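Single-structure report; data block below.
A quick note: this is a predicted structure, and the numbers were derived from the prediction, not measured. Throughout, residue positions are numbered sequentially from 1 according to the sequence presented.
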Amino acid sequence: MTVMVLTKLDPTDLAFLFGPHLVEAGEPQLVVKLLTNKSSEGELLVQRPDGMLLQRRVFRGWSTMPPPLPPFAVLDHLYLVMRAVVMAKDDMTVALIGSACSPGAGVAAALAGRSWRPVSGQLLVVDRTTGHTLPFHIPLDLRGGALESARSGGLIGQEPDPAIWRQAHPALAGESVLVRPERLGPPVPITARLAPPTLVRLCQGDDDRCRLEPWSFQPHIWPPAATELADAPRYRLLMPEFGGAEEAAALIDDRIQKEPPCPGGPRTAREHRAGLITSLST
């Protein structure tokens, strides 16, 4: 899927948000017009190349659900999306589910030290036709304790590096920092097609130990009626209030890699032609 974006926003802002997915060539299947010169308010129009309007919505920033780019609201027949930090190793894909204040970034960084590679900083994208997990290299959104852990762990420095991390626009929830997933380590290729995910919900435990256990829960997905994750393995990762990322990563690395894959599921990466949002090319 190739999407043409028409906007007055600074191109460097789009490059930071979408990284290698942003290119200057390709025949678009959709046209997105972002009528704003700010990054947190305006109007967004989604059209076919012939000008037919498919959607008009208020633009309230990049963190709304479904996200404005790609225009997942009009692509719900093609893609399932869910908020998560996504990592992959060999034929395994893990979606770490939690708020921006959860220790997902720390666990992801610890997994990167165990040869796991970043797939997405904050959004799981699943191809509804093939079941593959698709790379989507957007930044991690860090707040609260996750932000403090990122600072103390060296994931971000004292001064912003516009190519690696930036202060997000002020929000009622407090300070927010966006960090490119490449800061965790070399991401998977944007053209890869990965195995269906194992879902891991991050929760705070009542002691200083980490525990990984099967757990039944219903993730918040778009579109809500999608069934592609119905059979996805689910776990709860209990973590202490502070620390525990290395222990949590060890549990995931040991436990999930030993689980047998779902029969008939995609196991190896595939290469596909790139587009504007290349992780969504077909």
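Not one N or O on the side chain of R183 forms a donor-acceptor pair closer than 3.5 Å with the backbone of V179. Although no hydrogens or angles enter the test, the distance criterion places a donor-acceptor pair under 3.5 Å between the side chain of T93 and the main chain of A195. When atom types are taken as modelled, the side chain of Q29 and the backbone of E27 share a donor-acceptor pair closer than 3.5 angstrom. Between the R234 side chain and the A232 main chain, a donor and an acceptor come within less than 3.5 Å of each other. Proximity of a side-chain donor or acceptor of T2 to a complementary backbone N or O of P28 within less than 3.5 Å is not detected. For R117 (side chain) and A88 (main-chain N/O), no donor-acceptor pair under 3.5 Å exists by modelled atom type. No donor-acceptor distance shorter than 3.5 angstrom exists from the side chain of D90 to the backbone of M92, with no hydrogens or angles considered. Between the R180 side chain and the L17 main chain, a donor and an acceptor come within less than 3.5 Å of each other. Side chain of K89 to main chain of R114: a donor-acceptor pair is present (N/O by atom type, distance under 3.5 Å, no hydrogens or angles). Between the side chain of Q122 and the backbone N or O of P139 there is at least one donor-acceptor pair closer than 3.5 Å.
Rounded to the nearest 0.5 Å, atoms CG (L34) and OG1 (T7) are 4.0 Å apart. Here S99 contributes atom OG and R143 contributes atom CZ; the two are 9.0 Å apart, rounded to the nearest 0.5 Å. Between the OG atom of S176 and the CG atom of L142 there is a distance of 7.5 Å, given to the nearest 0.5 Å. Atom CD1 of residue I252 and atom CD of residue E247 lie 11.0 Å apart, to the nearest 0.5 angstrom. Here R56 contributes atom CZ and K33 contributes atom NZ; the two are 10.0 Å apart, rounded to the nearest 0.5 Å. Expressed to the nearest 0.5 Å, how far CE of M87 lies from CG of L194 amounts to 12.0 Å.
Across H137 and P187, no two heavy atoms sit closer than the pair CE1-CB, 3.3 Å. Smallest separation of non-hydrogen atoms from A110 and A249: CB-CB, 3.5 Å. Heavy atoms only, all atoms of each residue included: A105 and L184 are closest at O-CD2, 4.1 Å. Heavy atoms only, all atoms of each residue included: P66 and A73 are closest at CG-CB, 3.8 Å. Contact between A108 and L96 at its shortest, heavy atoms only, is N-CD1, 4.0 Å. L69 approaches F136 most closely through the heavy-atom pair O-CZ, 3.8 Å.
The closest side-chain heavy-atom distance from S120 to I138 is below 4.5 Å. Counting heavy atoms from C-beta on, the side chains of L229 and P197 come closer than 4.5 Å. A 4.5 Å side-chain heavy-atom check between V81 and L124 finds every atom pair outside the cut-off. Residues E43 and V58 fail the side-chain proximity criterion, which asks for heavy atoms closer than 4.5 Å. For the pair P214/R255, a side-chain contact is recorded, criterion being any heavy-atom separation below 4.5 Å from C-beta on. No side-chain heavy atom of T133 sits under 4.5 Å from any side-chain heavy atom of R193. L78 has its side chain out of reach of D127: every pair of non-hydrogen atoms, C-beta onward, lies at least 4.5 Å apart. Put simply, the side chain of P196 does not reach to within 4.5 Å of the side chain of H132, judged on heavy atoms.
Cation-pi contact between R128 and Y79: absent, since separation from the ring centre below 6.0 Å together with deviation from the ring axis within 45° is not met.
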Working note: R48 + L54, criterion side chain to side chain contact (heavy atoms under 4.5 Å, CB included); need CA distance, chi angles, decisive distance, verdict.
CA-CA 7 Å; R48 292 195 324 203; L54 299 178; 3.8 Å; yes
Could you walk me through whether D161 and R166 pass salt bridge (charged side-chain N to carboxylate O under 4.0 Å, His left out), step by step?
CA-CA 7 Å; D161 181 343; R166 300 181 180 188; over 6 Å; no
Evaluate side chain to side chain donor-acceptor pair (under 3.5 Å) for W222 paired with D76, printing each intermediate quantity in order.
CA-CA 7 Å; W222 177 270; D76 55 355; 4.8 Å; no
Test side chain to side chain contact (heavy atoms under 4.5 Å, CB included) on R83 and I97; report intermediate values, then the result.
CA-CA 7 Å; R83 295 204 182 283; I97 304 168; over 6 Å; no
Stepwise, does the side chain to side chain contact (heavy atoms under 4.5 Å, CB included) test hold for V94 with W116?
CA-CA 10 Å; V94 168; W116 290 72; 3.6 Å; yes
Just do the side chain to side chain contact (heavy atoms under 4.5 Å, CB included) check on V31 and V5 with the steps written out, would you?
CA-CA 6 Å; V31 177; V5 181; over 6 Å; no
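For the side chain to side chain contact (heavy atoms under 4.5 Å, CB included) with Y235, the qualifying choice from L251, I256, L199, L202 is I256, the only one to do so.
Counting heavy-atom neighbours within 6.0 Å of R151 CZ, excluding the residue itself, gives a total above 12.
Checked against a 6.0 Å centroid threshold, the rings of W165 and F16 do not count as neighbours.
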Distance-only donor-acceptor pairs under 3.5 Å for side chains of residues 236-243, two or more places apart:
| unit_1 | atom_1 | unit_2 | atom_2 | d |
| --- | --- | --- | --- | --- |
| R236 | NE | E213 | OE2 | 3.0 |
| R236 | NH2 | E213 | OE2 | 2.4 |

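Of the N and O atoms on the side chains of T64 and R57, at least one donor lies less than 3.5 Å from an acceptor on the other residue.
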